[in-house]
Amino acid sequence: MKKHLSFALLSIGLGLNLFVGTQLYVLNAQSQAKEDVYGNLETFTRVLETVRTHYVDGEKISYQDLVHAALKGMIGSLDPHSEFMPPPKYTRMKKDTEGAFGGIGVIIGVRTNDTGVGVLTVIEPMEDGPAGEVGIIANDRIIKIEGRDTTGFNIEDAVVHLRGRPGTKVTVSVSRTLADGDTKEFDVEITRAVIKVSSARDLRGLTKFPVDDNKIGYVRLWQFGERTDIELERALKRMEKDGMKALVLDLRDNPGGLLDQAVKVAEKFLPRGQLIVSTEARNEVDRGKYKSSGRHPHPDYPVAVLVNHGSASASEIVAGCLQDLSRALIVGEQTFGKGSVQSILPLNDGSALRLTTAKYYTPSHKVIHEKGIKPDILVSMTEEEERLVALQRNFQDDLSQVPEDQRDAVKNAQDPQLQRARDMLKALLLSDKNGKPVKKVTQRTNAEPGKVEAAQ
């Protein structure tokens, strides 16, 4: 009996060992297959050739079309911010950061309508741009471009269809909500022009930068391009010459841009050697700590930074840094939460990869990615408030360009986020008994959280 039992146990043990060994072998083989570069490239090549040979409409595709499509899918599957850029798209991206291109002169975004569909929406027309000259206003929805329905368009799609050679014309169909809630749709023909983009603007969307009666200045940065730090420096010097004692830095709806420009903007308000942002990555070359250089310092007055759910990337670096170091009060709504760094890697054929290579952290090692920056003072704004404020900013000197039924609303529009920031700065200035500007903002408040909508 004992012999039979021992034999049975031995058989079970051998069976288990054989089963486990087989599973380990299979898993190891699968792992090796996944990491087999040449084997997987052979599969890719076979699929490429099969499609090119047997696809029913093969005359409509080329090897380049197929490879580019495969690269888009491969890079796009990594994360929402990595992408393969064919030569035309890479060229457009370089023009964006250089600050000049041929277009209609609008800042556009994608806003979700009542049915949950993203709609191309004019955030604001640019100063002296063609779109503004023909009557395009903030919150106009672009529903067609040259008769093509824009439903489902992203910003890149809009850029492709709206930009073109200066002097050429493009027809856009616009949907505009009137004061009584009705919707008006109309077509307008716009002549494209060379658009020279200024990253830094004043409260009226211009580049004059006046200070108010309380000696509080205002600068809005709408992107971080190659000249943002230079344009901001010019604005700060102009306002300081006029006696500025405090500053509102508006980063609302700023989608970000160049990392080095975020560092150069933040360092203007910091002493030399202060940590601004750190990046962590797999490769040593992509890791780093960025500290203030001490060039062009402006550390002697309080600062309030305005943010909302459209503030992302480089905007969050600046806001997070100045908040961590108690150098500024952050006012507005929770930011977007894009805390990853994309490197632009050019390829030999004129295309490029935009590849996520690192994640960045605030000086206190606060995580920004998928979390965002929470303001010190939470102040919400409705979409209607945002629309009226944008119209006021662009047309307060000439309300005749605003639909008659909306002029009173535009004239009396209030910006609660800006007003709260100014009130806090006035309080900080008044609290200095010596009459000199305070050097650091240390006041914090736990205001009632406002409504924070999901970023689109």
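As the structure is a computational prediction, the values presented were derived from the model and not from experiment.
Here the side chains of Asp253 and Asn308 are in contact, with some heavy-atom distance below 4.5 Å. The shortest side-chain heavy-atom distance between Met85 and Ile344 falls under the 4.5 Å cut-off. Between Phe84 and His68, some side-chain heavy-atom pair lies under the 4.5 Å cut-off. Between Arg201 and Leu206 there is no side-chain heavy-atom pair separated by less than 4.5 Å. Phe224 has its side chain out of reach of Asp229: every pair of non-hydrogen atoms, C-beta onward, lies at least 4.5 Å apart. Using a 4.5 Å cut-off on side-chain heavy atoms (C-beta onward), Leu418 and Tyr218 make contact. The shortest distance between side-chain heavy atoms of Ile142 and Val122 falls below 4.5 Å.
Side chains of Thr121 and Arg141: no donor on one and acceptor on the other come within 3.5 Å. There is no side-chain donor-acceptor pair under 3.5 Å between Asn254 and Gln223. Ser175 and Thr183 form no side-chain donor-acceptor contact under 3.5 Å, judged by distance and modelled atom types alone. Side-chain contact check for Gln419 and Asp415: no donor-acceptor pair (N or O, by modelled atom type) lies under 3.5 Å. With hydrogens and angles left out, the side-chain atoms of Ser343 and Thr357 include a donor and acceptor closer than 3.5 Å. A donor-acceptor pair shorter than 3.5 Å cannot be found between the side chains of Glu189 and Thr191.
Shown here is Gln414, whose CD atom has no more than 12 heavy atoms of other residues, nucleotides or ligands within 6.0 Å. Heavy-atom contacts from other residues, nucleotides or ligands closer than 6.0 Å to CG of Asp242 number more than 12.
A cation-pi contact, defined as under 6.0 Å to the ring centre and within 45° of the axis, is absent between Lys359 and Tyr361.
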*Quick one: do Glu83 and Lys72 satisfy salt bridge (Lys or Arg N to Asp or Glu O under 4.0 Å)? Show the steps, please.*
CA-CA 6 Å; Glu83 65 173 327; Lys72 288 179 181 178; over 6 Å; no
*Could you walk me through whether Gln342 and Ser340 pass side chain to side chain donor-acceptor pair (under 3.5 Å), step by step?*
CA-CA 7 Å; Gln342 282 69 49; Ser340 57; 3.0 Å; yes
*Could you give me the CA-CA distance, side-chain angles and deciding distance for Arg272 and Ser292, then say whether side chain to side chain donor-acceptor pair (under 3.5 Å) is met?*
CA-CA 5 Å; Arg272 180 182 176 86; Ser292 56; over 6 Å; no
*Check the pair Phe153, His161 against ring pair (Phe, Tyr, Trp, His ring centres under 6.0 Å), reporting the backbone distance first and the verdict last.*
CA-CA 10 Å; Phe153 269 34; His161 291 85; 5.2 Å; yes
*Give the C-alpha distance, both sets of side-chain angles, the deciding distance and a yes or no for side chain to side chain donor-acceptor pair (under 3.5 Å) between Glu267 and His296.*
CA-CA 8 Å; Glu267 73 179 1; His296 311 299; over 6 Å; no
*asked:* One pair to check against salt bridge (Lys or Arg N to Asp or Glu O under 4.0 Å): Glu240 and Lys237. What are the steps and the verdict?
replied: CA-CA 5 Å; Glu240 288 168 357; Lys237 286 184 175 179; over 6 Å; no
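Scanning both residues, Ile276 and Val263, for their nearest heavy atoms gives CD1-O, 3.5 Å.
A salt bridge is defined here as a Lys NZ or Arg NE, NH1 or NH2 lying under 4.0 Å from an Asp or Glu carboxylate O, and Arg422 with Asp212 meets this definition. Comment: Asp202 does not engage Arg204 in a salt bridge, judged by the lack of any side-chain N to carboxylate O separation of less than 4.0 angstrom. Salt-bridge check for Lys426 with Asp423: passed, with a basic side-chain N closer than 4.0 Å to an acidic carboxylate O. Using a 4.0 Å cut-off between a side-chain N of Lys or Arg and a carboxylate O of Asp or Glu, Arg387 and Glu384 qualify as a salt bridge. Taking 4.0 Å as the cut-off between side-chain N and carboxylate O, Glu316 and Lys338 do not count as a salt-bridged pair. Using a 4.0 Å cut-off between a side-chain N of Lys or Arg and a carboxylate O of Asp or Glu, Arg234 and Glu231 do not qualify as a salt bridge. Between Asp140 and Arg176 there is a salt bridge, since at least one side-chain N of the basic residue sits less than 4.0 Å from a carboxylate O of the acidic one.
With hydrogens and angles ignored, the 3.5 Å screen pairs a side-chain donor or acceptor of Asp376 with a backbone N or O of Ile330. Looking at Trp222, its side chain does come within 3.5 Å of a backbone N or O of Ser198 through a donor-acceptor pair. Checked by atom type and distance alone, the side chain of Ser199 never pairs as donor or acceptor with a backbone atom of Leu221 at under 3.5 Å. Counting only distance, with no hydrogens or angles, the side chain of Ser173 and the backbone of Asp187 share no donor-acceptor pair below 3.5 Å.
Taken to the nearest 0.5 Å, the OG1 atom of Thr228 stands 8.5 Å off from the CG atom of Leu232.
Note on ring orientation: taking the six-membered ring where Trp is involved, the planes of Phe336 and His81 are perpendicular (angle over 60°, cut-offs 30° and 60°).
Applying the salt bridge (Lys or Arg N to Asp or Glu O under 4.0 Å) criterion to Lys366, with sequence neighbours excluded, gives Asp324.
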